[in-house]
2 protein chains.
Amino acid sequence: MKKRTYNCGLDAAVDVVGGKWKALILWALHREPLRFGELRRSISGISEKMLIQQLREMEVYGLVHREVHRQVPPKVEYSLTEFGRSLNEALIPLGDWGHRHMATIEAIPRD
Amino acid sequence: MKKRTYNCGLDAAVDVVGGKWKALILWALHREPLRFGELRRSISGISEKMLIQQLREMEVYGLVHREVHRQVPPKVEYSLTEFGRSLNEALIPLGDWGHRHMATIEAIPRD
DNA sequence: CGGTATCCATCATGATACTG
DNA sequence: CAGTATCATGATGGATACCG
């Protein structure tokens, strides 16, 4: 989240959901609330640092809700807010597109 | 474009359209082909360096077509391929979402 | 007009180790 | 279990100057 004004909606949306991980976190949480560890295991390749960093930002944005259950061992559950849910729905066509063209995308030369 | 395999379509799509500029470039080109200078003026805040860099990547991805008209002064037109057009359509709901929630997004505290 | 080439600052991401 | 701290690296972006 760098800017304060936007020229178009896409500009604003990219600013919110931008980066490698936020869209994937939204998707991982769209079915049910998950604990930190479950979330980490369900998003392959993410480090604990990036996961917590992105989750904190998404909490500030109002996309994600963080609920602490005071018990031993500690249990913290993350879930989507209505706002997060609405963003996730807006991402579905993009996910479908990626799924349809995955073979093409993987064939793109790197570097 | 960093990875070679993807867990889900959204993962792949984010890899293709990720970064601050590519979605905006797609949008700028969706109505009609534009010259380099027109493109630069229509995307506020982008530097020449980033514009040319992103365009080159999008050419490699097969999203954008670059057509050189040999004349004086030089004229180079950029347009969307069918692939680029399909990606742009998949981004429309996200753009709508951003447009609907722009006030909320601008009100999010920074840092 | 439509780029290219450098240099440089800053930011995003990653690896590893450690803690309540 | 759910994080934090620290350091390293690479990507991103801005400024400036130059070229066919």
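Per chain, numbering begins at 1; letters A, B, ... match sequence-line order.
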Novice: Counting C-beta onward and ignoring hydrogens, is there a side-chain heavy-atom pair between B/F36 and B/I52 closer than 4.5 Å?
Specialist: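 They are in contact (side-chain heavy atoms under 4.5 Å apart), so the answer is yes.
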Novice: Can you name the closest pair of heavy atoms from B/M50 and B/I46 and give their distance?
Specialist: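 Smallest interatomic distance, heavy atoms only, reads CB-CG1, 4.0 Å.
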Novice: Return the value, rounded to whole Å, for the distance between atom CD of B/Q53 and atom P of C/dT6.
Specialist: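 Checked: the CD to P distance equals 15 Å.
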Novice: Between A/P74 and B/E77, which is nearer to the 5' end of DNA chain C once each is assigned its nearest nucleotide?
Specialist: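 First, find each residue's nearest nucleotide; the 5'-ward one identifies B/E77.
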Novice: Does A/R35 make a side-chain N or O approach to OP1 or OP2 of D/dA2 shorter than 4.0 Å?
Specialist: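 Yes, within the criterion.
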Novice: Send over the distance from A/M50 CE to C/dT16 P, rounded to a whole Å.
Specialist: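 Distance, rounded to whole Å: 17 Å.
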Novice: Give the rounded distance in Å between these two atoms: CZ of B/R70 and P of C/dG3.
Specialist: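 For the pair B/R70 CZ and C/dG3 P, the rounded distance is 14 Å.
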Novice: Using the side-chain heavy atoms of B/W21, tell me which of these nucleotides is nearest: D/dC1, C/dC1, D/dG13.
Specialist: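 When the side chain of B/W21 is considered, D/dG13 is the closest of D/dC1, C/dC1, D/dG13.
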Novice: What pair of heavy atoms forms the shortest contact from B/Y61 to B/V16, and how long is it?
Specialist: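 Smallest interatomic distance, heavy atoms only, reads CE1-O, 3.5 Å.
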Novice: Students often mix this up, so state it plainly: with edges at 30° and 60°, are the rings of B/W97 and B/H101 parallel, tilted or perpendicular?
Specialist: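 Because their plane-to-plane angle lies in the 30° to 60° range, the rings of B/W97 and B/H101 count as tilted.
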Novice: Using atom CD1 of A/I43 as one end and atom P of C/dT13 as the other, report the distance to the nearest whole Å.
Specialist: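 From A/I43 CD1 to C/dT13 P: 13 Å.
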Novice: Out of D/dG13, D/dA2, C/dC1, which has the shortest distance to the side chain of A/K75?
Specialist: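 The closest nucleotide is D/dA2.
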Novice: Rounded to whole Å, please give me the gap between CD1 in B/I46 and P in D/dA15.
Specialist: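 About 14 Å, once rounded to whole Å.
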Novice: Please identify each residue that fulfils side-chain hydrogen bond (donor to acceptor under 3.5 Å, both in side chains) with B/E67, with sequence neighbours left out.
Specialist: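 Counting only residues at least two positions away or on another chain, B/E67 forms a side-chain hydrogen bond (donor to acceptor under 3.5 Å, both in side chains) with B/H65.
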Novice: What is the separation between atom CG on A/L51 and atom P on D/dC1, rounded to the nearest whole Å?
Specialist: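 Interatomic distance, CG of A/L51 to P of D/dC1: 14 Å.
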Novice: Are any of the side-chain nitrogens in A/R85 or A/E82 under 4.0 Å away from the carboxylate oxygens of its partner?
Specialist: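 Counted as a salt bridge, because a side-chain N and a carboxylate O are separated by less than 4.0 Å.
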Novice: Between C1' on D/dG13 and NZ on B/K20, what's the gap in Å once rounded to a whole number?
Specialist: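 Nearest whole value for this atom pair: 7 Å.
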Novice: Measure from NE2 on B/H69 to P on C/dG3 and round the result to the nearest Å.
Specialist: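 My rounded result for the distance is 12 Å.
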Novice: Check the surroundings of atom NE2 in A/H99: do more than 12 heavy atoms from other residues, nucleotides or ligands lie under 6.0 Å from it?
Specialist: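 It does not: A/H99 NE2 has 12 such atoms or fewer within range.
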Novice: Summarise how protein sits on nucleotides 3-8 of chain D as a single string, 5' to 3': B when a protein heavy atom is under 4.0 Å from the base, S for sugar-phosphate-only contact, - for no contact.
Specialist: BB-BB-
